[in-house]
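Below is one structure; the comments refer to it alone.
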Amino acid sequence: MARFLATPALPAVGKRPNGKTEYRASGPLIFEDDDGARYTVPTGWRSDGVSWPTWLRFAILAIGAAAVALWALGAPVWVFAPAGAWFALSAAFWLLKPKALVPAFLHDWLCQQQLAFPDKRRADAIFYRAMRARGVSVLYRWPMYQWVKRRNQRVDWQQPEFQPIVVDGYIIGWE
């Protein structure tokens with residue numbers, strides 16, 4: 001069964017230009033997959049942690065505001081209750097994101113290892129198993145997995161403490 005062998009502290013070390021908090025591994029993060037393969041994120045590696053689509057943040061707030069407005073205007077319960085329930089569930093997902101920080105950190109590192117993972121789907125599947133290994137609820141891990149799977153984006157921010165591995169003019173990983 002997949003498990004983390006080492007999970008160092010991932011303290012916040014500042015902000016990125018886009019305003020997201022940046023975290024740094026204080027030691028090696030080691031994950032062992034179901035098949036026994038080990039993945040080691042090096043000490044000093046940086047990540048922006050768990051990502052949510054900006055449109056979803058606004059949707060959560062808008063639906064919450066709509067539920068409150070419908071309640072305040074005296075709408076029947078069957079009108080505002082579904083929106084309120086959706087808002088509560090979505091807000092809970094938002095607040096639980098620190099539990100998924102370690103798997104997200106691992107996923108960001110895997111996505112930058114383009115030689116080892118030329119097809120991002122394998123990195124996404126490891127992310128799902130890593131969330132399961134950390135005990136992230138299926139109600140949170142399944143939507144997060146679906147989001148990263150459909151996103152098809154690789155992270156390529158700079159890691160000044162590491163040397164880039166360049167092939168054909170593209171950074172494919174760090175060492």
Practice task
Give the C-alpha distance, both sets of side-chain angles, the deciding distance and a yes or no for salt bridge (charged side-chain N to carboxylate O under 4.0 Å, His left out) between R122 and D33.
Solution key: CA-CA 12 Å; R122 185 164 164 235; D33 206 353; over 6 Å; no
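- I30 and L10 sit in two unconnected hydrophobic clusters of ILVMFWY residues. Membership requires side-chain heavy atoms under 4.5 Å apart, directly or through other members.
- Aromatic ring pairs are classed by plane angle as parallel below 30°, tilted from 30° to 60° and perpendicular above 60°; the pair F31 and Y39 is parallel.
- Contact check for I126 versus H107: no side-chain heavy atoms found under the 4.5 Å cut-off.
- Between D48 atom CG and Y23 atom OH the span is 9.0 Å, to the nearest 0.5 Å.
- Residues K15 and T21 have side chains in contact (heavy-atom distance under 4.5 Å, counting atoms from C-beta outward).
- Under a 3.5 Å cut-off, the side chain of K120 and the backbone N or O of V148 do form a donor-acceptor pair.
- The NZ atom of K149 sits 8.5 Å away from the CG atom of D124 when rounded to the nearest 0.5 Å.
- Remark: R132 CZ to M1 CE distance equals 6.5 Å, nearest 0.5 Å.
- Note: R129 CZ to L106 CG = 10.5 Å, rounded to the nearest 0.5 Å.
- Atom-to-atom distance recorded for R38:CZ and E32:CD is 4.5 Å, nearest 0.5 angstrom.
- Residues M144 and V136 are not in side-chain contact: their nearest non-hydrogen atoms beyond the backbone lie 4.5 Å or more apart.
- The closest donor-acceptor contact from the side chain of Q112 to the backbone of D108 lies at 3.5 Å or more, if one exists at all.
- Once rounded to the nearest 0.5 Å, the distance linking CH2 of W45 with CG of L29 reads 12.0 Å.
- Taking hydrophobic clusters as Ile, Leu, Val, Met, Phe, Trp and Tyr residues chained together by side-chain heavy-atom distances below 4.5 Å, M131 shares a cluster with W142.
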